[in-house]
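Report on one structure; see the data block that follows.
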Amino acid sequence: MSWKWVGDRALLVEIGDDDLAAANARIRRLSLDVRDRGFSEVEDLVPAARTLLVLLRPGAEPGSELASLLEAAPPKAEPAPGRLHEIVVRYGGKAGPDLADVAELHELSEESVIALHTSVVYTVGFLGFAPGFPYLIGLPSNLATPRLPTPRTKVPAGSVAIGGEFTGIYPRSTPGGWRLIGGCDMNLFDVERDSPALLAPGDQVKFIRS
Amino acid sequence: MSLRIVRPGLLTTVQDLGRIGSGALGVPPCGAMDPWALRAANRLVGNDDTDAGLEITLIGPEIRLEADHVLAICGSRFDADLDRSETPHAAAFVARAGQMLRLGKSREGARTYVAVRGGIDVPKVLDSRSTYLTAGWGGFAGRALRADDVLPVAPANGIARPRRLRSLESYCSEQSLRVIIGPQEEAFSSGGLGAFLSSTYRVSPRSDRMGLRLEGPPIDRIRPADIVPEGLAAGSIQVPADGQPIILAADRPVTGGYTKIATVVSADLARVGQAKPGDRLRFVAIDVAAARALWRDREAVLESGAAEIS
């Protein structure tokens with residue numbers, strides 16, 4: 001692996017080759033490794049799809065131990081799988097206004113889209129975009145769909161959506177450009193809970209048709 | 001021990017230095033847009049850098065003191081008075097119970113900070129007192145302050161010694177921002193990179209705490225604007241398909257899927273926080289070693305600046 005500076009306070013490690021699921025598993029492993037080593041110069045970590053952003057404390061230099069960990073071969077061992085969450089989804093209708101378009105773009109019936117979307121156990125690759133928003137990895141490749149050319153100004157909370165090669169769930173009502181295929185009633189993020197985010201990177205998600 | 005908001009001003013929020021350590025939950029850092037000014041204000045009243053103060057945007061609030069407090073205002077110069085007599089800028093002063101602190105319009109940049117000895121004592125959410133406006137939590141009730149809000153102030157230890165800053169920042173409407181090129185510089189044509197570094201960009205009125213939207217010559221690209229989402233650092237400049245750059249600020253999402261041409265160096269993030277709609281910005285590329293030297297110089301000013309008045 002190698003890293004590059006993002007500004008003067010962050011380092012970006014990227015795993016470019018490998019398929020998305022394998023690269024992401026390595027990023028999650030690396031993120032845990034960096035966290036567990038407790039480097040004094042590290043302020044925060046943002047693991048994402050194929051990258052780990054290492055934010056440094058103000059004025060801190062990356063030490064040689066951190067640099068050598070980030071430059072070493074990507075960790076081989078996959079992190080242990082997290083919890084399995086079964087999430088009930090109302091597909092189509094008002095909750096999933098883009099289901100018909102997704103079906104048409106892929107020359108599938110709406111029934112086939114739902115069957116494909118519920119056929120997989122997804123892995124939470126990372127949380128991003130908004131607190132608790134899961135980027136789920138494992139979408140069947142024939143459901144991968146570009147984002148809307150013009151994002152919606154308001155996506156309802158609980159919307160289940162497809163964005164590129166990811167599927168995900170909007171934790172709260174926000175603007176958004178993903179294709180909405182259904183809705184669920186899960187509270188994905190609540191600061192009042194001990195563990196605010198319902199899903200953690202590495203957790204497994206299975207969608208069930210209501 | 002409290003401050004009562006009589007008039008809230010345009011956008012007044014409780015902020016500290018941000019929510020650190022929650023990136024993996026998808027939670028943005030938030031915190032002061034000009035962290036240097038908040039730290040300076042805190043030091044002037046004898047607080048820790050990490051204590052919470054008020055971030056005031058373009059038009060300030062009217063605040064009634066419910067007890068005696070030591071205050072300091074630091075950041076951009078605003079019209080400001082305490083019971084009609086002008087308050088000092090970047091120096092601690094004492095205000096008595098019943099007095100009214102009025103902040104009017106900014107005479108310089110976008111933001112100023114009011115620190116109160118002891119710090120604003122709202123509950124911490126995910127280890128920070130910063131307001132996260134779009135999600136509606138943190139700070140005071142998760143929102144901008146309104147009339148009749150009463151902000152608790154924590155008791156302070158020891159005796160406050162009045163302090164004044166020796167070296168003052170001034171904020172003008174035309175700024176050069178130093179940047180480190182990348183991390184996706186290869187997505188842009190050499191003409192696009194050249195335009196970015198040679199043009200003047202105007203700050204759009206659609207800018208907010210998430211980012212400064214800039215208007216100017218579009219930045220030409222040779223690869224698509226969309227990338228697989230990756231973590232975003234403060235000051236990173238993303239360029240969506242329309243070629244108009246956005247400088248990411250305190251309330252930025254933790255990840256984003258647009259190419260980034262450059263990142264503003266940490267010593268110049270205060271200038272990003274002080275840029276207001278209509279200001280003109282230019283970008284100058286430097287290397288990481290130079291950026292780190294600029295940061296050390298800036299810290300030295302802060303370390304030596306908050307001197308006691310003898």
Side-chain angles (χ1 to χ4, degrees), chain A residues 4-12 14 16 20 23-24 28 31-32 35 43-61 125-135 146-147 149 163-166 171-172 174-175 177 188-192 195-197 200-201, chain B residues 17-29 35 49 125-126 132 134-138 142 178-183 226-237 241 253-257 260 262-269 286-296 298-299:
Chain A
K4 54 180 162 181
W5 284 99
V6 178
D8 58 334
R9 265 190 66 190
L11 315 175
L12 186 73
E14 178 161 16
L20 177 62
N24 178 258
R28 283 185 281 114
S31 181
L32 296 173
R35 187 194 70 188
E43 182 174 87
D44 203 358
L45 298 168
V46 185
R50 292 176 173 277
T51 56
L52 175 64
L53 187 70
V54 179
L55 295 152
L56 301 176
R57 289 187 198 287
E61 301 266 357
F126 62 101
L127 304 176
F129 172 67
F133 184 108
Y135 281 77
R147 291 178 288 179
E165 55 195 320
F166 300 98
R172 66 165 198 269
T174 56
L188 292 182
F189 193 87
D190 182 352
V191 280
E192 303 295 326
S195 177
Chain B
L17 296 181
R19 209 156 260 116
I20 289 160
S22 301
L25 300 178
V27 175
D49 282 4
V125 178
L126 295 177
Y132 181 15
T134 50
W137 47 261
R178 276 74 59 101
V179 298
I180 310 281
I181 293 296
D226 286 3
I227 56 169
V228 184
E230 63 184 34
L232 299 176
S236 273
I237 302 169
V254 296
T255 64
K260 295 169 289 297
T263 301
V264 177
V265 303
S266 43
D268 285 352
L269 287 178
I286 62 171
D287 63 20
V288 171
R292 299 180 73 82
L294 287 171
W295 171 262
R296 285 192 297 273
R298 217 186 149 86
E299 286 299 289

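Naming convention: chains lettered A, B, ... in sequence-line order (proteins, then strands); numbering from 1 in each chain.
The contact between P58(A) and chain B is made by backbone and side chain atoms together, counting heavy-atom distances below 4.5 Å. Using a 4.5 Å cut-off between heavy atoms, P35(B) makes no contact with chain A at all. Heavy atoms closer than 4.5 Å to chain B are found nowhere in R35(A), neither backbone nor side chain. When heavy atoms are compared at a cutoff of 4.5 Å, V228(B) approaches chain A solely by way of its side chain, counted from C-beta outward. Contact annotation for A49(A): both backbone and side-chain heavy atoms come within less than 4.5 Å of a heavy atom of chain B. The part of S236(B) that comes within reach of chain A is its side chain, from C-beta onward, which places non-hydrogen atoms under 4.5 angstrom from that chain. For L45(A), the part lying near chain B is the backbone, with the side chain staying farther off; criterion is any non-hydrogen pair under 4.5 Å. Heavy atoms of S22(B) lying under 4.5 Å from chain A belong exclusively to its backbone. Heavy atoms of E61(A) lying under 4.5 Å from chain B belong to its backbone as well as its side chain. Of the two parts of V265(B), the backbone and the side chain both hold a non-hydrogen atom closer than 4.5 Å to a non-hydrogen atom of chain A. Contact of L126(B) with chain A is made through the side chain alone, with heavy-atom distances under 4.5 Å. Contact of A60(A) with chain B is made through the backbone alone, with heavy-atom distances under 4.5 Å. Only the backbone of L232(B) comes within contact range of chain A, with heavy atoms under 4.5 Å apart.
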Next item on the list: Would you check, one step at a time, whether the test side-chain contact (heavy atoms from CB on, under 4.5 Å) holds for D190(A) with W137(B)?
Entry: CA-CA 10 Å; D190(A) 182 352; W137(B) 47 261; over 6 Å; no

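The nearest pair of heavy atoms linking P229(B) to F126(A) is CB-CZ, 3.9 Å. The two atoms that bring G7(A) and V288(B) nearest to each other are O-CG2, 4.0 Å, heavy atoms only. Taking each heavy atom of V27(B) and P131(A) in turn, the nearest pair found is CG2-CB, 3.8 Å. The shortest non-hydrogen separation linking A197(A) to L25(B) is CB-CD2, 4.0 Å. Of all heavy-atom pairs spanning T255(B) and A48(A), the tightest one is CG2-CB, 4.3 Å.
Ranked by heavy-atom pairs shorter than 4.5 Å toward chain A, the options P253(B), P28(B), P183(B) are led by P183(B). Ranked by heavy-atom pairs shorter than 4.5 Å toward chain A, the options D226(B), I20(B), V254(B) are led by I20(B). Per-residue counts of heavy-atom pairs under 4.5 Å with chain A were compared for G138(B), A135(B), A291(B); the largest is that of A135(B). Taking R147(A), R50(A), R9(A) one by one and counting their heavy-atom pairs under 4.5 Å with chain B, the maximum is reached by R147(A). Top candidate by heavy-atom pairs under 4.5 Å with chain A, chosen from A234(B), A24(B), G182(B), is A24(B). The greatest number of non-hydrogen atom pairs below 4.5 Å with chain A, out of G256(B), A233(B), G235(B), is found for A233(B). Among P171(A), G128(A), P146(A), the residue making the largest number of heavy-atom pairs under 4.5 Å with chain B is G128(A).
Applying side-chain contact (heavy atoms from CB on, under 4.5 Å) to E230(B) and the options V6(A), L53(A), L12(A) leaves one that passes, L12(A).
Without hydrogens or angle criteria, R292(B) side chain to D8(A) main chain gives a donor-acceptor distance under 3.5 Å.
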